[in-house]
Amino acid sequence: AVLLQICNYQKQEEGSYDCSTVDPSRPFCQNGVCIEESDCTTQIPNNCSEAVYCDNDLAGSIYTAPVPSYMFDFKYDTWVYYQSPSDCFEINCSIATNLNKFFAYKPHPQLYIYCGTSGPLTFQCGDNNVYNEETNACEFGCLKAGKFEIEGVKDKYYSCLAGPNGTEQYALRTLVPLSPRALTSCAAGRRQDCEDCNTVKICSYDLTPLTQYRCQDVDPSKPYCTGAGICSDVPDTNNICQKTSDLCPMNAPGFYPNPSNCSRYLYCDSNMLGTEQNCLAANNVYNQTTEACFLKRRTADCFQVDCNNSRNKDKWFVYDPFPQLYFVCSSNGPLMFKCPRETEVFDLELKRCEFQCRKAGRFAHPTNKYMYYECAYVSTSKLEKYEQTCPQLLQFDANVQKCVPVTSSGSNSE
């Protein structure tokens with residue numbers, strides 16, 4: 001399956017889904033979006049005596065072995081003689097059992113192949129990665145001896161050692177921990193203190209730190225370390241407890257709700273650093289439209305989802321009071337996202353942002369300047385969306401909400 005991954009800001013996968021099961025017309029994943037055609041694939045023959053050269057525009061030219069019994073070696077980019085049939089690795093994508101499956105290209109597992117209805121499609125893993133058929137993902141593989149960093153991890157690295165026969169493909173892969181970060185001493189007169197905004201440290205009488213623990217691991221309702229190492233539900237006003245928050249949509253600074261608690265919200269800056277805040281007055285809840293708290297008059301005013309409930313794990317939700325926002329409940333809590341345009345809402349079935357009529361009128365199409373959406377009432381309370389195309393030589397102008405002629409410079413003209 002072609003999987004679209006959902007990750008937190010620590011680059012850890014929180015969930016995934018198969019593009020083809022959501023929308024069969026968009027089976028490929030590119031830059032985290034399900035698309036109709038992938039510009040990172042090109043056909044490769046299922047014949048080891050043939051090879052395809054791909055240029056920068058992904059145009060392919062097929063070449064045949066210069067003499068019989070030769071095959072193409074992708075690792076060294078040359079033709080080599082094969083001594084036995086097992087040296088010739090081929091995948092027959094015309095067999096029904098191979099259809100819609102991924103296969104690692106065994107001679108050079110940095111490449112992997114998907115057997116589609118139109119033939120094989122070839123993909124390539126990144127540097128130092130090989131394709132794992134069991135997990136359907138590119139993973140680190142020891143392609144040569146040495147030490148290699150782990151993306152997003154600072155306290156460990158990969159150490160690759162040559163195998164008994166000296167070949168790289170039999171190298172060993174181990175996770176080697178680095179020295180842990182040393183704790184700072186406790187303040188004078190304290191045997192318990194805060195290491196940071198979320199961590200408590202315990203010290204001996206000579207102020208030497210002995211151990212530490214995160215407040216959230218002890219009591220999730222009190223994640224902040226305050227004062228003399230006391231866990232609290234409110235941050236210490238003397239410390240700036242800002243950190244990258246998965247409740248902050250990417251590259252969209254502003255105020256946002258906490259979807260797990262309707263009386264809490266946070267401010268996110270341009271670096272996705274979140275500062276949490278509470279509605280101070282009793283029985284008040286946060287309103288995303290006004291970015292302020294208001295008195296709750298009915299149960300529906302408080303929208304919140306318990307992401308600790310096992311039934312909600314890995315499940316997507318639209319933030320109903322403001323459907324431009326949506327989130328997924330991961331094992332570490334909710335991850336918030338925001339549709340890029342104010343006219344869009346998240347479609348739970350298609351798992352993508354779609355235009356939605358909120359008022360009557362004409363609105364620009366997000367990807368085609370020659371098209372537009374027209375929203376019209378089909379009853380006193382129901383709006384219907386119609387996708388329209390401008391007449392020839394006209395394009396849509398959102399400022400005047402109609403199709404206008406295109407000048408020679410490409411700009412709109414009345």
K.L.:
Between Y286 and Q288, do the side chains contain a donor N or O and an acceptor N or O under 3.5 Å apart?
P.N.:
yes
K.L.:
With side chains defined as the heavy atoms from C-beta onward, is the minimum distance between Y373 and C357 less than 4.5 Å?
P.N.:
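Sidechains of C357 and Y373: no contact.
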K.L.:
Answer yes or no: is there a side-chain heavy-atom contact under 4.5 Å between S270 and N251?
P.N.:
no
K.L.:
For the residue pair K106 and F89, would you count it as a cation-pi contact if the rule is NZ or CZ under 6.0 angstrom from the ring centre and within 45 degrees of the ring axis?
P.N.:
no
K.L.:
Between K296 and N284, is there a side-chain heavy-atom distance shorter than 4.5 Å?
P.N.:
no
K.L.:
Are the side chains of D246 and F327 in contact, using a 4.5 Å heavy-atom criterion?
P.N.:
no
K.L.:
Is the closest side-chain donor-acceptor distance between S330 and N332 under 3.5 Å?
P.N.:
no
K.L.:
State, to 0.1 Å, how close P259 and P257 come at their nearest heavy-atom pair, and which atoms those are.
P.N.:
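In terms of heavy atoms, the two residues are closest at CD-O, 3.4 Å.
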K.L.:
A side-chain contact here means heavy atoms from C-beta on lying under 4.5 Å apart; do K369 and F396 qualify?
P.N.:
no
K.L.:
Compute the centroid of each ring, for F355 and then for F363, and state whether the two points are separated by less than 6.0 Å.
P.N.:
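Between F363 and F355, which both carry aromatic rings, the centre distance is below 6.0 Å.
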K.L.:
Give a yes or no on whether the backbone of L273 and the side-chain of N271 come within a donor-acceptor separation of less than 3.5 Å.
P.N.:
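Checked: no pair found.
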K.L.:
Considering all heavy atoms of both residues, which atom of V200 and which atom of I202 are nearest to each other, and what is their separation?
P.N.:
CG1-CD1, 4.3 Å
K.L.:
Could you tell me whether the side chain of D301 and the main chain of R297 form a donor-acceptor pair under 3.5 Å?
P.N.:
yes
K.L.:
For R264 and E276, what are the C-alpha separation, side-chain angles and deciding distance, and is it a side-chain contact (heavy atoms from CB on, under 4.5 Å)?
P.N.:
CA-CA 7 Å; R264 303 190 71 172; E276 296 194 27; 3.1 Å; yes
K.L.:
Using atom types as modelled and distance alone, determine if a side-chain donor or acceptor of K101 lies under 3.5 Å from a backbone N or O of T97.
P.N.:
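Yes; judged by distance alone, with no hydrogens or angles, the pair exists.
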K.L.:
Can you measure from SG (C248) to NZ (K338) and round to the nearest 0.5 angstrom?
P.N.:
11.5 Å
K.L.:
Could you pull out the closest heavy-atom pair between V234 and T226, with the gap in Å?
P.N.:
O-CG2, 3.5 Å
K.L.:
Would you call Q395 and C403 a side-chain contact if the rule is heavy atoms closer than 4.5 Å?
P.N.:
no
K.L.:
Keeping K201 on the side-chain end and Q192 on the backbone end, is there a donor-acceptor pair under 3.5 Å?
P.N.:
no
K.L.:
Which heavy atom in L266 sits nearest to a heavy atom in S245, and how many Å separate them?
P.N.:
CD1-OG, 3.6 Å
K.L.:
From the options F303, F337, Y256, F346, select the one residue that forms a side-chain contact (heavy atoms from CB on, under 4.5 Å) with Y319.
P.N.:
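Exactly one candidate clears the test, F303.
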K.L.:
Would you name the heavy atoms of F317 and N312 that are closest together and state the gap between them?
P.N.:
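Closest approach of F317 to N312: CZ-OD1, 3.5 Å.
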K.L.:
Which atom names give the shortest non-hydrogen contact between L247 and M336, and what distance separates them?
P.N.:
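Looks like O-CB, 3.3 Å.
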K.L.:
So do C194 and C225 have their SG atoms closer than 2.5 Å?
P.N.:
yes
K.L.:
Assess whether side-chain contact (heavy atoms from CB on, under 4.5 Å) is satisfied between E344 and Q356, documenting all intermediate values.
P.N.:
CA-CA 6 Å; E344 293 180 335; Q356 184 187 65; over 6 Å; no
K.L.:
For K222, I'd like to know if atom NZ has over 12 heavy atoms of other residues, nucleotides or ligands within 6.0 Å.
P.N.:
no
K.L.:
Looking at side-chain heavy atoms only, is the closest gap between E387 and H365 below 4.5 Å?
P.N.:
yes
K.L.:
Is there a side-chain contact between Y224 and C231 in this structure, where contact means two heavy atoms from C-beta onward sitting under 4.5 Å apart?
P.N.:
no
K.L.:
Report yes or no: does Q324 contribute a side-chain atom to a donor-acceptor pair with the main-chain N or O of C339 at less than 3.5 Å?
P.N.:
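Here the side-chain-to-backbone pair exists.
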